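None of the values given here were measured: they were computed from a predicted structure.
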Amino acid sequence: MSTRTHRTRMLVAAALTAATLTLTACNSGEGVKDEGASAGSASTASTTPSPKASGGTSTGTGKTDSAGLTSEGSTGGSTGSTGTTGTTGSSGSTGSSGSSGSTGSTDSEPTRTPCSPASTRTTATEVSRPLNHLLLTVTNTGSKNCNLTGYPAVRFGEAQSVPPAFEDSKPQAVVTLAPGESGYASVLLSAADGSGSGGSTAKSVEVYFDQSAGAAAHPSLPAKGVYVDDSIRVSYWQSTMADALAW
């Protein structure tokens with residue numbers, strides 16, 4: 001056997017002997033003492049989810065899963081009680097309304113009443129222009145103001161109806177007559193071109209100051225009378241003669 005081979009075998013034998021001694025020491029409890037995990041190693045995090053804080057005594061009997069829901073689908077833990085709502089302050093008492101002021105006296109206002117035949121004078125005048133027109137004039141002979149409202153209702157002779165008015169002649173305000181003042185209205189008696197029908201001559205006329213029932217004035221007509229046909233129309237009461245004869 002060569003010298004190199006012999007040496008190799010001796011080294012192997014020595015290594016085996018050392019290993020045997022080491023194993024013997026471990027089995028007898030005299031081995032190296034375990035100092036625990038090294039300071040630099042991190043502990044393994046627990047994979048078990050920590051339990052949620054209880055919001056009160058649970059009233060459900062179902063098992064709570066990791067999402068905090070009971071097996072019936074309700075959230076685990078009873079809901080905290082709602083805070084008490086503050087009491088609303090009482091409304092202030094409503095102040096009593098002040099008493100209404102008394103209505104001012106109207107003594108300073110002129111007294112205005114409808115004009116009537118008793119306190120007026122009425123005339124009916126046939127005019128040359130415009131043709132076939134009659135002018136009605138009402139003069140206040142009383143001591144107080146009076147109003148002429150609307151348009152006159154006139155009835156000639158034995159007529160059973162009164163003529164309509166020219167609606168465009170309606171004034172913007174009621175005609176008020178102070179004592180001594182006059183109001184006017186015109187009557188278109190017949191068509192100027194002779195196109196009217198049912199004509200007749202009237203010798204008398206009744207004049208009502210408006211369309212309401214009441215006393216009528218009876219002004220005189222020309223002795224020969226006036227010719228009237230179905231074209232007859234009247235104007236609203238006007239404050240001037242010119243305005244009345246414009247219709």
Side-chain angles (χ1 to χ4, degrees), residues 108-247:
S108 60
E109 293 291 330
T111 302
R112 297 179 181 179
T113 58
C115 296
S116 69
S119 59
T120 58
R121 180 180 68 255
T122 303
T123 62
T125 306
E126 192 173 19
V127 296
S128 58
R129 290 288 185 274
L131 293 175
N132 303 337
H133 274 67
L134 191 70
L135 178 66
L136 301 179
T137 304
V138 176
T139 303
N140 184 359
T141 58
S143 59
K144 297 180 180 179
N145 291 0
C146 69
N147 291 337
L148 287 173
T149 59
Y151 57 89
V154 296
R155 181 176 285 112
F156 287 90
E158 302 298 325
Q160 300 299 311
S161 61
V162 296
F166 294 106
E167 288 300 326
D168 290 344
S169 68
K170 185 176 182 178
Q172 294 183 349
V174 172
V175 176
T176 300
L177 303 182
E181 289 184 341
S182 299
Y184 308 89
S186 65
V187 183
L188 171 62
L189 297 171
S190 59
D193 59 2
S195 61
S197 60
S200 62
T201 300
K203 297 291 186 72
S204 64
V205 63
E206 295 178 346
V207 178
Y208 300 86
F209 291 165
D210 57 31
Q211 294 70 54
S212 62
H218 296 83
S220 299
L221 292 177
K224 63 181 181 63
V226 293
Y227 181 79
V228 179
D229 66 20
D230 59 6
S231 301
I232 188 170
R233 297 286 188 277
V234 298
S235 75
Y236 277 77
W237 291 112
Q238 308 292 333
S239 58
T240 68
M241 185 185 304
D243 289 339
L245 293 176
W247 306 95

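Residues E206 and A216 share a closest heavy-atom pair of CB-CB, 4.3 Å. The two residues S169 and Q238 come nearest to each other via the heavy atoms O-NE2, 2.7 Å. Heavy atoms only, all atoms of each residue included: L131 and L188 are closest at O-CD1, 4.3 Å. Minimum interatomic distance between A244 and S235 (heavy atoms only, all atoms of both residues): O-OG, 4.0 Å. For the pair P163 and V154, the tightest heavy-atom approach, listed with the atom from each and the gap, is CD-O, 3.1 Å. The heavy-atom pair separating F209 from A217 by the smallest distance is CE2-CB, 4.3 Å.
Considering only heavy atoms from C-beta on, T176 stays 4.5 Å or farther from C146 through its side chain. Looking at L136 and V138, their side chains never come closer than 4.5 Å, going by heavy atoms from C-beta outward.
Residue pairs satisfying the ring-ring contact (aromatic ring centres under 6.0 Å, His included) criterion with at least one member in residues 155-203, sequence neighbours excluded, are absent. Here side chain to side chain donor-acceptor pair (under 3.5 Å) pairs that include residues 128-143, with residues two or more places apart or in two chains, are N132-S190, T139-S182.
With sequence neighbours excluded, the residues forming a ring pair (Phe, Tyr, Trp, His ring centres under 6.0 Å) with Y236 are Y151, listed by chain and number. Among residues two or more places apart in sequence or in another chain, the side-chain hydrogen bond (donor to acceptor under 3.5 Å, both in side chains) test is passed with D168 by none.
Annotation for E158: atom CD does not count as buried by contact number, only 12 or fewer foreign heavy atoms lying within 6.0 Å.
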Report the C-alpha separation of N147 and T149 in whole Å, then their side-chain angles, then the decisive distance to 0.1 Å, and conclude whether the side chain to side chain donor-acceptor pair (under 3.5 Å) test is met.
CA-CA 6 Å; N147 291 337; T149 59; over 6 Å; no
Per-pair distances, 0.1 Å, donor-acceptor, side chain in residues 220-230, under 3.5 Å, sequence neighbours excluded:
residue: K224; atom: NZ; partner: E126; partner atom: OE1; Å: 3.4
residue: D229; atom: OD1; partner: S231; partner atom: N; Å: 2.8
residue: D229; atom: OD1; partner: S231; partner atom: OG; Å: 3.4
residue: D229; atom: OD2; partner: A191; partner atom: N; Å: 3.3
residue: D230; atom: OD1; partner: S197; partner atom: N; Å: 2.9
residue: D230; atom: OD2; partner: S197; partner atom: OG; Å: 2.5

Without placing hydrogens or testing angles, list every side-chain donor-acceptor pair under 3.5 Å for residues 118-125, not counting sequence neighbours.
residue: T120; atom: OG1; partner: S116; partner atom: O; Å: 2.7

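Atoms SG and CG, from C115 and L148 in turn, are 4.0 Å apart once rounded to the nearest 0.5 Å.
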